[in-house]
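Contents: one structure, followed by commentary.
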Amino acid sequence: MPLIYKIVDSNVWENALKSCVFKGASIDLKDGYIHLSSAEQAEETARLHFAGIDNLLLVAFLPEAFGPSLKWEASRGGTLFPHVYASIDPASALWAQPMPWNGTSHDFPQGWKT
């Protein structure tokens, strides 16, 4: 099954690891669910919502890790995006890799879509 991703500030993720719970970034808390992206959506999400921001991580998850709290809902242009309506156990992440800002865009980890 394809992976889904969270783009998150590394300090926020580090705090989640320490507390064993990720309740979301500020936009997630405001909206009432945790925003994630598919592999096809992540680069545009980074471009639209994180341009110029450094210190980001790309965190990968298997969709089945979320059970029924994962909903695919229409967002940008009607495209279905993964949203999680629960806190996330950061231990359920497969990996978290840096996404440095190169001055023009974010550098995604090598082989991240595989």
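If you're wondering where the values come from, they're calculated on a predicted model, not measured in any experiment. All residue numbers refer to positions in the sequence shown, counting from 1.
Between I88 and F61 the shortest side-chain heavy-atom distance falls below 4.5 Å. In this structure the side chain of D28 never reaches within 4.5 angstrom of the side chain of K23, judged on heavy atoms. Between F50 and M99, every side-chain heavy-atom pair lies at or beyond the 4.5 Å cut-off. Residues S105 and E43 fail the side-chain proximity criterion, which asks for heavy atoms closer than 4.5 Å. Taking 4.5 Å as the limit, every side-chain heavy atom of H35 sits out of range of all side-chain heavy atoms of F81.
Classified by interplanar angle (parallel below 30°, tilted 30° to 60°, perpendicular above 60°), the ring pair Y5/W95 is tilted.
For the atom pair D107 CG and L56 CG, the distance stands at 11.5 Å (nearest 0.5 Å). Within the model, atoms CD1 of I27 and OH of Y33 stand 8.0 Å from one another, a figure rounded to the nearest 0.5 Å. Within the model, atoms CG of L57 and CD1 of I7 stand 10.5 Å from one another, a figure rounded to the nearest 0.5 Å.
Using a distance-only test at 3.5 Å, with no hydrogens or angles considered, a donor-acceptor pair links the side chain of D54 to the main chain of W101. Within the 3.5 Å criterion, the main-chain N or O of G32 finds no donor-acceptor partner in the side chain of H83. Between the side chain of Q97 and the backbone N or O of Q110, no donor-acceptor pair lies under 3.5 Å. Of the possible polar contacts, one joining the S10 side chain to the N55 backbone as a donor-acceptor pair under 3.5 Å is found.
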